[in-house]
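Each chain gets a letter, A, B and so on, in the order the sequences are listed, and its residues count up from 1.
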Amino acid sequence: MQTPAPFEYDRATSIDQAIGLLEQYGPDTRLVAGGHSLLPMMKLRLAQPGRLVDINDLDDLSYIRQEEAQIAIGSLTRHSELLSSPLLAQHWSIFAEAERVIADPVVRNRGTIGGSLCQGDPAEDLSALVCALRAQLVIRSRGGSRTVEARDFYLGPYETVIGPAEMLTEVRIPIHEGAGSAYEKVERRAGDWAVVAVGCFVKLDADRVLDVGIGLAAVNARGFAAPEAEDRLRGQPATEEQLAAAASLAAQHCRPQADQRGPEDYKRYLVGELTRRALRRAIDRASRGGA
Amino acid sequence: MQVTMRVNGEEVSRDVEPRLLLVHFVRERLGLTGTHWGCDTSNCGTCVLWMDGEPVKSCTVLAAMADGRDIRTVEGLEKGTQLDPVQEGFMREHGLQCGFCTPGMMMTARWLLDHNPDPSEHEIREAISGQICRCTGYENIVRAIRWAAEHPAKEEVAS
């Protein structure tokens, strides 16, 4: 039987109050939302916070809305809501594609985007997604808010730039009219963590790649991204030859580790193949009006 | 700490440790052992119950987090002496062998049918994809849920 170590529990009634509790009780205090990352860690005693602040009642952190050329997503938004959002589907197919392969429908009812990103799991699908799209993350503290690029959010496995009295409140996804996106994941069984996953978006100018973003999960890529591959492809014609060259750079520059999900060379191979597949589909979408 | 919640329509209140998981709360503190406790890692889905109208894996929810919420367990499926069509379907289509995964399967099935009364086989399989039957009786589980879809309960006549 897995039981967390003892802790104190508070139910937050407002964002400010939650941040106040973080300040008052210090770094031994953790926010909990869906709990589907933190509670398993606590049950294994890999995490032993002295106090949990439950933010599930903060409805003002649960939304998906368009704000000018961005989609703003509240950090308490559940996976199931990301999967079914018409606004996200209209602009970015990558969301529903990634969400369909994150855990299972019942887990998606609880897990949140904020919790997934803050967990900093190296195999987290949404981390690769927000880094592919170059999202911005809004972090709030008592003094106000700061915004960081998704690719600068991660310091390493399970480690982010969020301070002990700070809270991720919003994810801001840029809208690129006409861009296409896609997500490709190889997993050992339905709902498992990725062996490797690749997400991308492509914006075309006629047949040329105007802009591209590539996110990689589970291969220890800095900032969950493949900037060398992006630089190689930007400005080039969207041909198979160019995609293959970019994909091979992505495979070359990531740093996968052998584990029970496979050896290093297999993971590199997957990065190359999945990058090609994701780019192909994103380009196809971009050439047909986008999403 | 004191937690109070509605469980299958009845208000219950108990003193608990904050670290008590909801699955143990309903089984051990309320004696509702219909909800099963399986993998403990939110993989197997036998502990699925509803919290505020949505299926959740209760091995990964604290009883404290359910304070003030509405809980429905497998014991809450039956109406009086009338089995829910999902329960009836599992019986008729032999949707269980050892029965261990059954409560979670049925709670997810009921939610699916409430939101999609005529699901395809694919939709049923997707809905229960977070739940494991180690007897590998999935064919009959899918048939049982289809049976329930084809035999919805008659609406109760308001008195």
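Residues of residues 136-145 of chain B never come closer than 4.5 Å to chain A when only heavy atoms are counted. Heavy-atom neighbours of chain B within the stretch residues 6-17 of chain A, taken at a separation under 4.5 angstrom, comprise Pro6(A), Phe7(A), Tyr9(A), Arg11(A).
Counting only residues at least two apart or in different chains, ring pair (Phe, Tyr, Trp, His ring centres under 6.0 Å) contacts with residues 64-104 of chain B comprise His36(B)-Phe100(B).
A donor-acceptor pair under 3.5 Å is absent between the side-chain atoms of Asp54(A) and the main chain of Met65(B), judged by distance alone. A donor-acceptor pair under 3.5 Å links the side-chain atoms of Lys43(A) to the main chain of Cys59(B), judged by distance alone. Proximity of a side-chain donor or acceptor of Asn109(A) to a complementary backbone N or O of Pro55(B) within less than 3.5 Å is detected.
Residues Pro40(A) and Thr60(B) come closest through the heavy atom pair CD-CG2, 4.0 Å.
Between chain A and the residues Thr108(B), Leu62(B), Leu20(B), the most heavy-atom pairs under 4.5 angstrom are made by Leu62(B).
Heavy atoms of Arg189(A) lying under 4.5 Å from chain B belong exclusively to its side chain.
In terms of the side-chain contact (heavy atoms from CB on, under 4.5 Å) criterion, residue partners of Ala5(A) (sequence neighbours excluded) are, by chain and number, Arg45(A), Gln48(A).
Distance CG/Leu39(A) to NZ/Lys57(B): 14.0 Å, rounded to 0.5 Å.
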Step by step, would you call Gln2(A) with Leu21(B) a side-chain contact (heavy atoms from CB on, under 4.5 Å)?
CA-CA 10 Å; Gln2(A) 296 179 7; Leu21(B) 297 164; 6.0 Å; no

